[in-house]
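Scroll down for the structure; my scribbles are underneath it.
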Amino acid sequence: MTDNQVYQKLRGHLAALRMTAAAEALPAELDHARAGQLSHTVFLERLLAREVQAAHARRQASLARFACLPAPWQIADFDFDAQPSVDPSLVRELATLRFLEDATNVLLIGPPGVGKTMLAVGLGHAAVAAGYRTYYTTAADLVARCHRAALEGRWATTMRFFNGPRLLIIDEVGYLPMPAEGAAALFQVITQRHFKGSIALTTNLGIASWGKIFDDPMVAAAMLDRLLHRSVVLNITGESYRMRAHRARASKLRDRQATP
Ligand code: ADP
Ligand code: MG
């Protein structure tokens, strides 16, 4: 067999194994190996590393697409000085993602604009980067989806779907009143994940007022019981970050006008 025939066979093997990144890198890596008189092992390691990197990048991209995170917010971008009620060391501990290992839940409680979604989404991005399957949904979307699933006979599949991710982010619980059927769906999602997978949940309602969003105070109590059983609670009591920024701008303007 001529060199060229061997080369074509090698390309064929790479194609058959769907190693497209290695196939693409092959000519350049061969040139590099010849020029640098690299050993066979070094050449092969370099070629396979290209494929491994490409597979990793594909997996990361697919995890990121699946997660549906609504914003690029990272934990590192959170301004702790603006929100003294948030303990930076607690958030840094959460950002290590150890809480995912024992299915600990994270409850972010506070009024609008204080960064609940930002922190939950930041944890989501960290989880994706670490290779954990993550999924973001609002409580309203989750309930609507379960409702459709029930009508279309896909309840079990949908429950399995919400059971799948290692981290499930449920945003904005309590913003909209929840019908009994919606509360039952949320309850089932929370119950089936209990001890199996973490939930990061944001809500504008203090724990004491959970009974109000759900028609059934017993369901609310049972849901809280499961969520809190193994959980980290962040109670954010400060004011809205946007309002704060807005006020800072306004007062700067005023100061400027006051000084002649
Ligand atoms: P919530 O979910 O509590 O209503 P968000 O997380 O949506 O609030 O935050 C509202 C806006 O303010 C977002 O643009 C967010 O990035 C920003 N924000 C809130 N808190 C902070 C903070 N401590 N540092 C930086 N940005 C913040
Ligand atoms: Mg929010």
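Keep in mind that what you see is a predicted model, and the values were worked out from it rather than measured. We count ligands from 1, going down the list as the structure has it; atoms in each ligand are counted the same way.
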Practice task
Could you tell me whether R193 sits above the aromatic face of F162, with NZ or CZ closer than 6.0 angstrom to the six-membered ring centre and within 45 degrees of the axis?
Solution key: no
Handout entry: Backbone N/O of H125 and side chain of Q74: donor-acceptor pair under 3.5 Å
Key = no
Practice task
Return yes when T202 approaches ligand 1 closer than 4.0 angstrom through a heavy atom, no otherwise.
Solution key: no
Handout entry: Backbone of A21 reached by a side-chain donor or acceptor of E51 within 3.5 Å
Key = yes
Exercise for the section: Enumerate the atoms of ligand 1 whose separation from the nearest heavy atom of P112 is less than 4.0 angstrom. Expected result: 4 (O)
Handout entry: Nearest-neighbour protein heavy atom for atom 2 (O) of ligand 1, which is reported as residue plus atom name and distance
Key = T117 OG1, 2.7 Å
Practice task
Measure from the side-chain N and O atoms of T237 to the backbone N and O of S85, and report whether any donor-acceptor pair falls under 3.5 Å.
Solution key: no
Exercise for the section: Specify whether F66 and Y135 have parallel, tilted or perpendicular ring planes, treating 30° as the upper limit for parallel and 60° as the lower limit for perpendicular. Expected result: tilted
Problem - Backbone N/O of L234 and side chain of K116: donor-acceptor pair under 3.5 Å - result: no
Practice task
Please collect all salt bridge (charged side-chain N to carboxylate O under 4.0 Å, His left out) contacts where either partner lies in residues 154-176, sequence neighbours excluded, each pair once.
Solution key: E152-R154
Completion exercise
Nearest non-hydrogen protein atom to atom 6 (O) of ligand 1, with distance, is M118 N, 2.8 Å
Handout entry: atom 13 (C) of ligand 1 - nearest protein heavy atom and its distance
Key = W73 CZ2, 3.5 Å
Exercise for the section: For atom 4 (O) of ligand 1, grab the closest protein heavy atom and report residue, atom and distance to one decimal in Å. Expected result: G113 N, 2.7 Å
Handout entry: Geometric N/O contact Q83 with ligand 1, under 3.5 angstrom
Key = no
Problem - Geometric cation-pi criterion R226 and F187, 6.0 Å radius, 45° cone - result: no
Practice task
State if D77 counts as touching ligand 1 under the rule of any non-hydrogen atom under 4.0 Å.
Solution key: yes
Exercise for the section: For the Mg ion (ligand 2), report each protein N, O or S atom nearer than 2.8 Å, sorted by chain and then by residue number. Expected result: T117 OG1
Exercise for the section: Measure across A126 and A95 and return the closest heavy-atom pair with its distance rounded to 0.1 Å. Expected result: CB-O, 4.5 Å
Exercise for the section: Verify, without hydrogens or angle tests, whether T203 (side chain) and L205 (backbone) share a donor-acceptor contact under 3.5 angstrom. Expected result: yes
Practice task
Sorted by first residue and then second, give each ring-ring contact (aromatic ring centres under 6.0 Å, His included) pair with at least one member in residues 34-56; sequence neighbours left out.
Solution key: none
Problem - N/O separation below 3.5 Å, F78 to ligand 1 - result: no
Problem - Shortest protein heavy-atom distance from atom 23 (N) of ligand 1, along with the residue and atom involved - result: D79 O, 3.0 Å
Exercise for the section: Please name all residues satisfying side chain to side chain contact (heavy atoms under 4.5 Å, CB included) with N4, sequence neighbours left out, ordered by chain then number. Expected result: T2, Y7, Q8
Problem - Nearest neighbour in protein (non-hydrogen) for atom 19 (C) of ligand 1 - result: Y241 CB, 3.2 Å
Practice task
Quick one: look up the protein heavy atom nearest atom 8 (O) of ligand 1 and list residue, atom name and how far away it is.
Solution key: G115 N, 3.2 Å
